[in-house]
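Remarks on the structure that follows.
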Amino acid sequence: MTQATRRAALMGLGASTLATPALNAQALTKMRVSVIPVLDVAPLHAAIAQGYFAAEGIEIDTSTTAGGATGLPGLIAGQFRAVFSNGVSTMLGVREGQEFKFISGASRATQGPPDILAVLVRKDSGIRSGKDLEGKRIASNTRNNIVWLRGMAWVEKTGGDWRKVNTVEIPFPQMADALIGGRVDAVISSEPFVAAALETGQIERIGWPMSETQPGCTNAHYVGMGPDLARNGEIFDRWARALHKGVDWVNERLGQPALLELISNFSRVPMERMRNVALPAYAKNVTAAEIDELVGTMQRYGLTGRYPASVSLIHKTAQ
Amino acid sequence: MRPSSGLWLVLALMALWEVSARLHWVDSPNWPPLSTVVVALFHDIASGELPPLIGGTLWRMGAGLAAGSIAGVVVGLAFCLAPVTRLLLGPAVELLRPIPVPAIIPPLVLFLGLDDPMKITVVALTAFFPVLTNTMQGVAAVEAEAVQMGRTFGVGPLRRAAFIVLPATAPYALAGVRVALGLSLVVAVVAEMIAGEAGIGHYLVMMQFAGRAPEMYATIILLAVLGYALNRGFVAMERRAIHWWFALGRQADG
């Protein structure tokens, strides 16, 4: 054996021993997912913590944004493969011709109170219904999103005219201060901010915008881009399998400390507060019926336009 | 160092903060006493959570500041010494200058993504303009005799720029960098607040959403201290780098 061939043989040996871990590392698909620091994304964090994504050969890199502001635009720009988004923002994008597809359910309203949205007022305000809110100021975190939409539905349901209610935008963390300070008359808040607001003792809850208007209604979903799904369907199959195992993990632990600890860990909400927080119903699928209901409600509250058939927007991983 | 009256004001404000929260003059879970905030600050530093975040933010800030400052000095010299560059680039620069940086973050996200390249670019853009303006001011203030003497001795234009104009401009450019330094920290944190999961900015947003007011204010105090320390450090460095300028006694005391 000449020097050169011996070296080649050694290199071959070295390469073969190195090959296994190297291949494994290559097989890990990196996926960047845009999330919001809210309770609804618990299954994603459960699936990461339990190693379900790793078992499917996927490495998840979450990117937290404080609102929907960079989520969907980031998806269009190709910064994210999947985005956690509320249904209204997604459907408004679809209406404008974006190729969004639902790749998994995320959260729905529960069948009855408590649910994760609440209408809050000052204790001494005397406001009890949507009728009382006519001519007053009510805040949602963003206009034209699911919080606003369900809030307007609640105003109608309780005898008010939503057109006569002035809506303003206030980020969730500042809602309690704005309410106590008298800058608004009511807020449509979301957990865990509801629990934090009630802790002040100066605020009370007068309504449940989701479960009182449309029990079990759709709230938020994971969204992908049509062309990406068509090209890389197999990756999203694995992604959804892992995520849905996370949904099972969460649903098996509802009301248990293990789940509250998980949520407290990723959201940093203190454990003491987590015990008073209402949770959504964690969903795996998206149905055409719930999207039809959502679009119907959007049309009713001024978000009119032509929306494509709901069934065409639901990728097979969410069926 | 004897405590100056300015220090007493800071201490008085801190005492007012503590008392207003303890006695519920401001009654909100978002107004914790200063002592609670300081405890939270030391806790998160000791637990090892904050130091890498501070490091990350300072690195992004430093990289952006360096890139923006170098570009500012080079473009500033070019604008003054080779007027054709000013004709070509001047209008573009003047149009870009007034744009608030947060307004251009969405297109930057589109082209550069959410990670360090985007954040460093944002900082560099912010640092560029004060350095550019000050450099141009500095070139205008270079003594004509010095340049003429260089010409008389047959020093070429590039060497004149590097060895006569640039050193004479340095005090002005460094003053620009000092302005840019403060802005850079602000903008680095803002960029981190918008997207991605890195640095002090992201920590601040997360604590805000977790309803953890003490940690939120701890971050703000940390940023104030960081900004102050960076400025003091820079001034000390400036005095060493251009001691001749201070020896001339032309600067305002500060």
Side-chain angles (χ1 to χ4, degrees), chain A residues 32-39 41 60-67 69-80 141 171-181 189-203 263-274 276-277, chain B residues 21 24-32 36 39-40 43-44 47 49-50 53 102-119 122 189-220:
Chain A
R32 194 157 222 200
V33 183
S34 164
V35 294
I36 298 176
V38 290
L39 316 166
V41 295
I60 296 286
D61 172 18
T62 58
S63 172
T64 308
T65 56
T70 58
L72 291 172
L75 183 69
I76 298 167
Q79 301 298 335
F80 306 120
N141 65 329
F172 285 130
Q174 278 81 55
M175 280 184 177
D177 285 336
L179 193 54
I180 293 171
S189 187
S190 168
E191 292 284 17
F193 305 103
V194 175
L198 294 175
E199 276 173 21
T200 62
Q202 303 176 49
I203 289 175
I263 298 176
S264 180
N265 274 342
F266 75 74
S267 69
R268 305 298 294 273
V269 174
M271 258 315 258
E272 318 84 76
R273 182 170 300 148
M274 276 311 301
N276 303 320
V277 163
Chain B
H24 297 283
W25 293 348
V26 180
D27 197 11
S28 161
N30 284 333
W31 191 245
T36 320
V39 169
H43 176 266
D44 283 2
S47 73
E49 179 164 12
L50 275 176
L53 299 179
I104 55 162
I105 289 183
L108 286 177
V109 167
L110 175 63
F111 294 117
L112 298 171
L114 295 165
D115 298 311
D116 287 358
M118 180 274 282
K119 289 168 186 159
V122 169
V189 172
V190 167
E192 287 168 349
M193 288 174 83
I194 287 182
E197 298 206 330
I200 303 174
H202 172 251
Y203 179 86
L204 186 60
V205 170
M206 193 167 64
M207 289 308 162
Q208 205 182 358
F209 269 74
R212 289 187 167 229
E215 280 84 354
M216 216 174 76
Y217 287 105
T219 320
I220 293 168

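Below, chain A is the first sequence line, B the second, and so on; all start at residue 1. Excluded from the calculations below are hydrogen atoms, water molecules and symmetry mates; all remaining heavy atoms, backbone and side chain alike, are included.
- In this structure, the side chains of F80(A) and L114(B) come closer than 4.5 Å at one or more pairs of heavy atoms.
- Smallest separation of non-hydrogen atoms from P270(A) and A210(B): CD-O, 3.7 Å.
- For chain B, the nearby part of T200(A) is the side chain; its heavy atoms alone come within less than 4.5 Å.
- Of the two parts of E199(A), neither the backbone nor the side chain holds a non-hydrogen atom closer than 4.5 Å to a non-hydrogen atom of chain B.
- For the ring-ring contact (aromatic ring centres under 6.0 Å, His included) test, residues two or more places apart in sequence or in another chain that qualify with F193(A) are F172(A), F209(B).
- The backbone N or O of R268(A) sits less than 3.5 Å from a side-chain atom of R212(B), completing a donor-acceptor pair.
- Looking at S264(A), there are no atoms closer than 4.5 Å to chain B (heavy atoms on both sides), in backbone or side chain.
- When each of I180(A), D61(A), T62(A) is scored by its heavy-atom pairs under 4.5 Å with chain B, the top score falls to T62(A).
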